[in-house]
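Taking it in order: structure first as structure tokens, then the write-up.
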Amino acid sequence: MKAMIFAAGRGERMRPLTDTCPKPLLKVRGRPLIVWHILNLVRAGITEIVINHAHLGHMIEEALGNGAQFGAHITYSAEGTALETAGGIAKARHLLGDAPFLAIAGDIYCPHFDFKQTIDVLEDNDVWGNPHPADVRDVAWLYLVKNPAHNAAGDFALNSFLIANEGEPRHTFSGIGVYRPSMFDAIESGQPAKLATLLREYAARGQVGGELYRGDWTDVGTVERLEALNAPFTGGIK
């Protein structure tokens, strides 16, 4: 399995920090956010990693290189202007291959997530070995988390591993998911497109599975959240 880390966002709510540093390189507990992901991926045996970038992307390439220092092989998809999540995937399709791949938001902190569990969640066959018809099989598998204060209404409902747009209880999408490349066939390379729109379309068809992740997880979307993560160890941002 290959993995893609989204690192193209401008990080407007993190300014002025992100004026001079791309958000995925901001440090949490002494380590850049994106490096937490890379190390956890390698630990799970996922070493082929694609990273897209736009704002200050050269700094990401300079910091991470080809990934050899982490035991990974990193390739980059430079966007110039950020293409949103689905648009970023469409542009990087030639780097991701034809098999299901893992995609991770570069600005979340989940230090104990075990990426091994993602490797075979999208199954092609049923328990008897018969192929699932393409129009009914899951095209995505999402990891949801308990709703944080800043997203109290949640994003999706979850019922017996089925993701739905409506229903209760509702949970928040963690930014970690596994996807079939065919999901992105209709998106023209180089055009911006949101992943959330696609997910809701396929969820309405009953083709998105998922589960609840109960470990440590933070959407590091504001300076205050970054400070809260670092405060017990550093007393603030250094």
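Only a predicted model underlies this, so the values are computations on that prediction, with no experimental measurement involved.
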Is there side-chain contact between [X] and [Y], with at least one heavy-atom pair below 4.5 Å?
X      : Y      : value
Thr118 : Met1   : yes
Phe184 : Leu96  : no
Thr172 : Asp219 : no
Ile5   : Ile38  : yes
Ile46  : Ile119 : yes
Leu41  : Leu102 : yes
Leu226 : Thr218 : no
Leu199 : Tyr179 : yes

Please name the pair of heavy atoms, one in [X] and one in [Y], separated by the smallest distance, quoted to 0.1 Å.
X      : Y      : answer
Ala90  : Ile187 : CB-CG2, 3.6 Å
Asp114 : Ala44  : OD1-CB, 4.5 Å
Leu122 : Val139 : CD1-O, 3.8 Å
His55  : Gly9   : CB-O, 4.3 Å
Ile49  : Ala72  : CD1-CB, 4.0 Å
Asn165 : Ala203 : OD1-CB, 3.7 Å

Describe, in one word, how the ring planes of [X] and [Y] are oriented to each other, choosing from parallel (under 30°), tilted (30 to 60°) and perpendicular (over 60°).
X      : Y      : result
His37  : Phe115 : perpendicular
Trp141 : Phe161 : parallel
Tyr76  : His53  : tilted

Spatial distance of atom [atom1] ([X]) from atom [atom2] ([Y]) [nearest 0.5 Å]:
X      : Y      : atom1 : atom2 : result
Ile51  : Glu61  : CD1   : CD    : 9.0 Å
Met4   : Thr75  : CE    : OG1   : 9.0 Å
Tyr202 : Leu142 : OH    : CG    : 13.5 Å
Leu56  : Asp19  : CG    : CG    : 8.5 Å
Leu158 : Arg170 : CG    : CZ    : 11.0 Å
Asn151 : His171 : CG    : NE2   : 12.5 Å

Residues Thr222, His150; criterion side chain to side chain contact (heavy atoms under 4.5 Å, CB included); working and verdict: CA-CA 11 Å; Thr222 65; His150 58 83; over 6 Å; no
Using a 3.5 Å distance criterion without hydrogens, assess whether the side chain of [X] forms a donor-acceptor pair with backbone atoms of [Y].
X      : Y      : answer
Ser174 : Val145 : no
Gln69  : Leu64  : yes
Lys2   : Leu95  : yes
Asn52  : Gly87  : no
Asp216 : Pro111 : no
Asp98  : Pro181 : no

State plainly whether one hydrophobic cluster holds both [X] and [Y], where clusters connect Ile, Leu, Val, Met, Phe, Trp and Tyr through side-chain heavy atoms under 4.5 angstrom apart.
X      : Y      : answer
Leu198 : Phe6   : yes
Ile34  : Leu17  : no
Trp36  : Val42  : no
Leu33  : Phe113 : no
Tyr109 : Leu144 : no

Walk me through it: do Asp185 and Arg93 pass the test salt bridge (charged side-chain N to carboxylate O under 4.0 Å, His left out)? CA-CA 9 Å; Asp185 285 345; Arg93 276 287 299 275; 3.0 Å; yes
Should Arg13 and Arg225 be marked as a side chain to side chain contact (heavy atoms under 4.5 Å, CB included) after you check the CA-CA gap, both sets of side-chain angles, and the distance that decides it? CA-CA 11 Å; Arg13 292 178 299 167; Arg225 290 178 217 156; 4.1 Å; yes
Between Phe156 and Arg200, is there a cation-pi geometry (under 6.0 Å to ring centre, at most 45° from the normal)?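 Pair Arg200/Phe156 counts as cation-pi.
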Arg214 atom CZ: more than 12 heavy-atom contacts under 6.0 Å: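 No, not enclosed.
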